Amino acid sequence: MSLRVAVIGAGPAGIYASDLLIRNEEHDIYVDLFEQMPAPFGLIRYGVAPDHPRIKGIVKSLHNVLDKPRLRLLGNITVGEDITIDELQDYYDAIVISTGAVRDRPLTIPGGEHSIGAGEFVGFYDGNPRFERDWDLSARQVAVIGVGNVGLDIARILAKTGDELLVTEIPDNVYSSLSKNQAEEVHMFGRRGPAQAKFTPKELKELDLSDTINVVVSPEDIDYDEQSTAARRSDKSLDLNCQVLEQYAIREPKDAPHTLHIHFFEEPVEVLVDGESIVGLRTERQEYDGTGAVVGTGEFTDWPVQAVYHAIGYRSEPVEGVPFDHERNVIPSDRGKVDAGLYVTGWIKRGPVGLIGNTKSDAKETTDLLIDDALAGKLSPRKYDDPSAIVDLLESREIPYTTWEGWYRLDDAERRAGEGCEILGRERKKIVEWEEMVEHARGVPVVS
Ligand code: NAP
């Protein structure tokens, strides 16, 4: 039996799901992969920090999937605006939504509206055309709320020099802002203890590889209750985190221009503001309450900082025409099945947790359900059989969609821009402007 499936979102989640579908042996499955941006790869291109080439390297395996003949990329299309889910149902037997989580959870403390969401800064430094081109980095002391890997990314980029990042793919506008960065002290705040931090040890250790960063942890913040000690025994990664933090706490300070303090047991309670300017962050000291949780001690500290970022988790956005759980910020589903013919995978299914690798098993769970429904005859067959029908619709609407062949052109332009740099060894320099990306991808000459 031949099936046509629309997968919406060309990040790792959507590409892994597409791969499983086109490799299925029970059905002949063809996938159209819809993407809002003119370029594919989602979180890898626009979420992973530029100084993480190993993780960015996942693009190579995703690239191999997109090279496969049964998969067709249709980029620069916003499902819900350019075409609705209802309309897609006429062209496909099933739809898989993998739109991820790109918005920031809000910081709901007094003054929290003055804090900058991590996603905004990531969008800027990763050259996402939807975000700012210039970034104000005049603050000498900066706070980062949240001790997860996104918090680490933000703190690390703020504590590195622009020149250290010049070997990466960062575009000129990002280098220009980062090279004016005035930050001398970056303070990360965890509201619980070191054993409750969400970092992964590799990322935590990596901070120390930069000659420009002196990582400092106060010995007073190294504290474990009974539950933390038990957790360390049963979780190797968590135990390694604690060991690295203990090392940071006891060693001699490193001579470096930027100090990155990692504080624990400090719950942010207010962003202190004078007019429109941030003048500090107030935290309340926490202590273990004997049950594994923490409780406020009533002891407050005002940290003199001029900028506050919050990296307290991302959230997904609703997709027009599909139910959404506004509490959990996910599309509600049973293990990935919303209804026969409509499925979800990745962060829009399970929330913004887990590493990129976790997305593979998630995609398997979802695509197995889709294939079971197909075998059970539960899918409503598509109305239009001809694969060019959807392209005809897009063209009739004058939507300047991009394709996989187009990605090769854009990729080539970015690589050539990288080669043209004075710094040797740059693999690429990212193109930021939306129109310019579309023009490269569609093969229309770019007037510079
Ligand atoms: P995360 O791992 O869930 O960390 C969120 C942090 O924010 C936690 O420390 C949490 O503390 C804190 N937090 C939440 N609400 C708060 C509040 N109201 N006030 C103060 N603190 C608050 O989320 P993430 O850092 O966004 O990362 C998302 C996923 O992407 C993770 O799986 C991560 O590993 C992955 N990732 C990986 C990399 C990499 O380089 N490998 C890079 C980026 C992201 P509590 O625990 O106390 O709630």
Side-chain angles (χ1 to χ4, degrees), residues 2-11 13-18 20-22 27 29-38 40 42 71-103 130 315-326 328-351 362-363 365-367 369-374 377-403:
S2 153
L3 291 178
R4 296 192 59 79
V5 179
V7 175
I8 302 167
I15 297 177
Y16 290 139
S18 303
L20 288 164
L21 290 169
I22 57 178
H27 300 279
I29 305 186
Y30 295 83
V31 171
D32 280 350
L33 182 55
F34 288 80
E35 169 57 46
Q36 194 172 34
M37 306 295 292
L71 184 54
R72 183 167 63 169
L73 176 72
L74 294 169
N76 201 26
I77 298 167
T78 303
V79 172
E81 281 177 26
D82 295 323
I83 186 162
T84 65
I85 292 281
D86 263 6
E87 287 173 320
L88 284 177
Q89 275 159 346
D90 288 344
Y91 296 83
Y92 300 95
D93 304 284
I95 296 172
V96 179
I97 300 175
S98 51
T99 44
V102 293
R103 298 283 162 214
R130 289 180 180 278
R315 66 176 173 83
S316 297
E317 294 222 294
V319 175
E320 186 71 34
V322 180
F324 195 72
D325 177 340
H326 288 272
R328 293 175 53 233
N329 291 313
V330 295
I331 294 176
S333 72
D334 178 9
R335 291 165 293 139
K337 175 172 168 177
V338 182
D339 223 331
L342 185 61
Y343 309 84
V344 282
T345 190
W347 280 1
I348 187 98
K349 164 182 169 183
R350 63 192 155 84
D362 196 10
E365 184 180 55
T366 294
T367 53
L369 291 170
L370 188 159
I371 286 155
D372 285 352
D373 282 347
K378 290 186 185 165
L379 303 182
S380 311
R382 61 192 181 269
K383 208 153 112 189
Y384 304 108
D385 201 37
D386 183 352
S388 60
I390 187 76
V391 173
D392 292 344
L393 178 77
L394 296 172
E395 283 176 358
S396 73
R397 291 184 180 174
E398 298 182 354
I399 296 166
Y401 64 92
T402 57
T403 60

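Here the structure is a predicted model, which means the values were calculated and not measured.
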What residues form a side-chain hydrogen bond (donor to acceptor under 3.5 Å, both in side chains) with [X], not counting sequence neighbours?
X	value
T366	K349
Y30	none
E320	none
S396	none

Go through the structure and list residues passing salt bridge (charged side-chain N to carboxylate O under 4.0 Å, His left out) with [X], not counting sequence neighbours.
X	result
R328	D325
R130	none
D32	R4, R72

For [X] and [Y], which heavy atoms make the closest approach, and how far apart are they?
X	Y	result
H326	P318	CE1-CG, 3.9 Å
T367	A17	CG2-O, 3.7 Å
A374	L3	CB-CD1, 3.7 Å
G9	L33	O-CD1, 3.6 Å
D362	G346	OD2-N, 2.9 Å
V338	P323	CG1-CG, 4.3 Å

> With sequence neighbours left out, which residue pairs that include part of residues 330-343 fulfil the salt bridge (charged side-chain N to carboxylate O under 4.0 Å, His left out) condition?
Replying inline: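 Salt bridge (charged side-chain N to carboxylate O under 4.0 Å, His left out) check on residues 330-343 returns K337-D373.
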> Tell me, which pairs form a salt bridge (charged side-chain N to carboxylate O under 4.0 Å, His left out) where one or both residues lie in residues 84-103, sequence neighbours left out?
Replying inline: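 Sorted pair list: E87-R397, D90-K383, D93-R382, R103-E317.
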Any heavy-atom pair between the side chains of [Y] and [X] that's under 4.5 Å?
X	Y	value
T403	L73	no
V96	L342	no
L21	I371	yes
I85	I8	yes
I29	V31	yes
I97	V322	yes

Any residue meeting side chain to side chain contact (heavy atoms under 4.5 Å, CB included) with [X], in chain and number order, not counting sequence neighbours:
X	value
A13	S98, T345, T359
S316	A101, F324, I348
A6	F34, Y92, I95

Quick one: [atom1] on [X] to [atom2] on [Y], what's the gap to the nearest 0.5 Å?
X	Y	atom1	atom2	value
I15	E35	CD1	CD	8.5 Å
S333	L369	OG	CG	8.5 Å
L379	Q89	CG	CD	11.0 Å
Y91	I390	OH	CD1	5.5 Å

> Quick check: does any side chain N or O of Y343 sit under 3.5 Å from a backbone N or O of G341, one acting as donor and the other as acceptor?
Replying inline: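 Yes, the answer is positive, given that a donor and an acceptor are paired below the 3.5 Å cut-off.
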> Going through the checks in order, is the side chain to side chain contact (heavy atoms under 4.5 Å, CB included) test met by L74 and T402?
Replying inline: CA-CA 6 Å; L74 294 169; T402 57; over 6 Å; no
> Between V79 and L88, does a side chain to side chain contact (heavy atoms under 4.5 Å, CB included) hold up when you go through it step by step?
Replying inline: CA-CA 9 Å; V79 172; L88 284 177; 3.9 Å; yes
